[in-house]
A.B. asks: 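The structure follows.
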Amino acid sequence: MQAKRLIFKNSTGDRAYICENSIVVEFGVCRNGISTSDLNGGYKKDFKTAFNHYLSQENIDFLENHSINDYLLRQSKILGIDSDFTTGLLTSAQMENACVITKHYKNLEVSAITTAGVRVNASRAGDSASYYEENGEFHFDVGTINIIVLTNVSLEPGTLANGLVTATEAKTVALNNLRIPSQFSNGFATGTGTDGIAIFSNMESKNRLSNAGKHSKLGELIAKCVIESISEAIKRQVWITKESQCSVLARLRRYDLDINEFYSNIGDDKEEFIKSLQEAARKQENVALTTSILHLIDEVENDLLDKKVAYNLAASILENNCKDYCIQKLLEFWINKFLS
C-alpha cells in the first residue's frame, strides 16, 4: 500500500488511513456487511477492508470508457488491498474533509466515517431523473455523500439492512437540519444522486443484536453518528452550516427563479438596494418571515392548501411584519410568482 496517515482507530482494532486520494479502513476483526458499492455490493461475509475514494477529473474521464466495477478493481490494486474482501465508494469530496464520529452506550460502540458534497447534485427522492440506464450505459454524476458505519456487535443480514435504512433516514435528517435544497426541484434534498453507504458488524462478537431500527439503542447511535458526521463533513467540504443557512437569500435559493428579472425592476439605485438586501437578509426576523411564507408556498406545491388562501395569508404576513423595504420587495416577487 502507498504512504498512509492514520486518522482513526477503535476498540475492535479497526484503523482508518488517508492514502493518496482514498480513505482505507483496515478491519481488526472479521466483519460482515452490506454495501451499495459496485464492488462486492449487497451482503457479504469476511470483509477485511473498505475504502472511500476521491474521483479526480482524470478518473471521471477514465470512467467514460470503463465500468465502475472495473475502476474499483483497479483502485483496489493501487491501494494494495484484496478486491475479493473489500468494497469501495466513490465521491468528488476530498478525503481531507472527511469526518469521523464515534458514539458509545454501555457495551455498544458505533462509528461513522463520512465525506459529503452537496452543491452539485443534491436531490430529493422523487425528483426528475438525471439519467436513464439501459444495458449498463448511463451518465456518471459527481457530488456525493458516502458513509461507512462500523459497529462492535454481531448482526445478521436483516439487522444490517435495518441499520442501513436507519443510516439513510439519518442522512435525510442531517440535510433537513441544514435546509439543503434540491438542485432539481423546489423541495429539500434527501441526499444526492450518487450516495453510497456501507455498514459492517463484528462477526467475532458474542453480543448479537436483533434490531437496528429507530426504537433500538443501536439504531439511535447509528443515526446520531451519521447526522453529526454528515453535518461536519458538509461544513468542511462546502462550508454550509446552520449559521450560513440563516439568511433570507439562502432560504429562497431552493425556489428556482430568474433573479435578474427581479433586479431589472429595481431602478437606478440597484447597487444600494443590493447592499441593503444583503444586510437585511441576515436579520433573524426576516429569516423567520421568509420561512413562514415559503412554508405556505410549500403547502400549495404539495396540494395541501388552496393557492388563494395561501396568497392572502402570505400578503397579510408580509404587510404586517416586514420592516425592511428590500425584503418586502423580494418576498412580494416570490409571492406573486408562486401564489398569484
Side-chain angles (χ1 to χ4, degrees), residues 4-19 21-55 72 75-76 79 81 83 85-103 109-117 144-153 155 160-171 174 191-192 194-203 212 218-219 221-234 236-237:
K4 54 189 183 181
R5 177 167 61 85
L6 181 69
I7 61 169
F8 164 78
K9 60 181 179 180
N10 63 10
S11 64
T12 59
D14 301 328
R15 294 173 179 266
Y17 301 90
I18 290 183
C19 181
N21 290 325
S22 300
I23 290 176
V24 179
V25 186
E26 297 177 348
F27 298 146
V29 292
C30 182
R31 288 192 173 277
N32 62 337
I34 293 179
S35 171
T36 61
S37 173
D38 281 43
L39 177 62
N40 296 317
Y43 175 76
K44 179 177 170 62
K45 295 181 179 180
D46 300 329
F47 278 111
K48 295 180 180 179
T49 60
F51 65 92
N52 187 9
H53 175 68
Y54 164 73
L55 280 171
L72 290 168
Q75 191 58 32
S76 299
L79 292 169
I81 54 182
S83 60
F85 301 98
T86 193
T87 188
L89 306 175
L90 300 176
T91 180
S92 63
Q94 299 282 347
M95 295 299 108
E96 294 289 343
N97 294 326
C99 178
V100 183
I101 297 292
T102 298
K103 298 286 184 182
E109 180 181 270
V110 176
S111 299
I113 305 168
T114 301
T115 55
T144 302
I145 299 170
N146 281 344
I147 308 162
I148 296 173
V149 177
L150 307 172
T151 71
N152 69 334
V153 292
L155 306 175
L160 279 165
N162 193 201
L164 187 142
V165 170
T166 299
T168 302
E169 291 187 26
K171 174 181 64 177
T192 82
T194 50
D195 291 347
I197 298 181
I199 182 170
F200 302 95
S201 90
N202 177 8
M203 295 184 72
L218 176 59
L221 297 186
I222 290 172
K224 285 183 174 178
C225 284
V226 169
I227 291 167
E228 289 186 31
S229 64
I230 287 178
S231 300
E232 181 61 25
I234 287 174
R236 296 178 185 181
Q237 180 68 30

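Along the sequence shown, residues carry numbers from 1. Quantities reported herein were computed from a predicted structural model and do not represent experimental measurements.
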A.B. asks: Return yes if some donor-acceptor pair links the side-chain N/O of Ser22 with the main-chain N/O of Val24 below 3.5 Å, else return no.
C.D. replies: no
A.B. asks: Step by step, would you call Phe85 with Asn40 a side-chain contact (heavy atoms from CB on, under 4.5 Å)?
C.D. replies: CA-CA 8 Å; Phe85 301 98; Asn40 296 317; over 6 Å; no
A.B. asks: Using only atom types and a distance under 3.5 Å, with no angle test, would you say the side chain of Thr87 pairs donor to acceptor with the backbone of Ala50?
C.D. replies: no
A.B. asks: Taking C-beta and beyond as the side chain, do Met203 and Val29 meet within less than 4.5 Å on heavy atoms?
C.D. replies: no
A.B. asks: Quick one: pull up CD in Gln237 and OG1 in Thr144 and give me the separation to the nearest 0.5 Å.
C.D. replies: 10.0 Å
A.B. asks: Got a second to check how far Asp38's CG is from Leu90's CG, nearest 0.5 Å?
C.D. replies: 8.0 Å
A.B. asks: Would you please say whether a donor-acceptor pair under 3.5 Å links the side chains of Thr49 and Thr86?
C.D. replies: yes
A.B. asks: How about Tyr17 and Ile7: do any of their side-chain heavy atoms sit closer than 4.5 Å?
C.D. replies: no
A.B. asks: Indicate yes or no: at least one non-hydrogen side-chain atom of Leu6 is less than 4.5 angstrom from one of Arg15.
C.D. replies: yes
A.B. asks: Hey, are the side chains of Gln75 and Phe51 touching, using non-hydrogen atoms and a 4.5 Å cut-off?
C.D. replies: yes
A.B. asks: Please check if any side-chain donor atom of Ser11 sits under 3.5 Å from a side-chain acceptor atom of Glu109, or the reverse.
C.D. replies: yes
A.B. asks: Specify the closest pair of heavy atoms between Asp14 and Gly28, including all atoms of both residues, with the distance to one decimal.
C.D. replies: OD1-N, 2.8 Å
A.B. asks: Examine the side chains of Thr115 and Asn52 and answer whether a donor and an acceptor come within less than 3.5 Å of each other.
C.D. replies: yes
A.B. asks: Before we go on, tell me: are the rings of Phe27 and Phe200 under 6.0 Å apart, centre to centre?
C.D. replies: yes
A.B. asks: For a quick check under 3.5 Å, do Arg31 and Thr12 share a side-chain donor-acceptor pair by atom type?
C.D. replies: yes
A.B. asks: Could you give the distance from CZ (Arg236) to CD (Gln94), rounded to the nearest 0.5 Å?
C.D. replies: 13.5 Å
A.B. asks: Any sub-3.5 Å donor-acceptor pair from Asn10's side-chain atoms to Ser111's backbone N or O?
C.D. replies: no
A.B. asks: Check this for me: does any side-chain nitrogen of one of Glu228 and Lys103 sit under 4.0 Å from a carboxylate oxygen of the other?
C.D. replies: yes
A.B. asks: Which atom pair, heavy atoms only, marks the closest approach of Met95 to Asn21?
C.D. replies: CG-O, 3.5 Å
A.B. asks: Taking all non-hydrogen atoms of both residues into account, name the closest pair between Ile230 and Ala116 and its distance.
C.D. replies: O-CB, 4.4 Å
A.B. asks: Only one of Val149, Thr102, Thr114 passes side chain to side chain contact (heavy atoms under 4.5 Å, CB included) with Ser229; say which it is.
C.D. replies: Thr114
A.B. asks: Got a second to check how far Ile147's CD1 is from Ile101's CD1, nearest 0.5 Å?
C.D. replies: 12.5 Å
A.B. asks: Does a donor on one side chain and an acceptor on the other come within less than 3.5 Å for Asn152 and Asn202?
C.D. replies: no
A.B. asks: Going by distance alone, is a donor N or O of one side chain under 3.5 Å from an acceptor N or O of the other, for Ser201 and Thr151?
C.D. replies: no
A.B. asks: Measure across Asn146 and Gly196 and return the closest heavy-atom pair with its distance rounded to 0.1 Å.
C.D. replies: OD1-N, 3.0 Å
A.B. asks: Does any part of the side chain of Leu89, heavy atoms only, come nearer than 4.5 Å to the side chain of Ile148, both counted from C-beta?
C.D. replies: yes
A.B. asks: Which of these passes side chain to side chain contact (heavy atoms under 4.5 Å, CB included) with Cys19: His53, Arg5, Lys4?
C.D. replies: Lys4
A.B. asks: Ignoring hydrogens, what is the shortest heavy-atom contact between Leu150 and Val25? Give both atom names and the distance.
C.D. replies: CD1-CG1, 4.2 Å
A.B. asks: Checking Asp46 side chain against Asn32 main chain: does a donor-acceptor pair fall under 3.5 Å?
C.D. replies: no
A.B. asks: Do other residues, nucleotides or ligands put more than 12 heavy atoms under 6.0 Å from Lys224 NZ?
C.D. replies: no
A.B. asks: Short question: side chain of Asn162, backbone of Ala212 - any donor-acceptor pair under 3.5 Å?
C.D. replies: yes
A.B. asks: Salt bridge or not between Glu26 and Lys9? Use side-chain N to carboxylate O under 4.0 Å.
C.D. replies: no
A.B. asks: For the side chain of Thr192 and the backbone of Thr194, is there at least one donor-acceptor N/O pair under 3.5 Å apart?
C.D. replies: yes
A.B. asks: For a 4.5 angstrom cut-off between non-hydrogen side-chain atoms, does Ser92 reach Leu55?
C.D. replies: no
A.B. asks: Check Ala170 against Ile227 and note the closest heavy-atom contact, atom names and distance.
C.D. replies: O-CG1, 3.4 Å
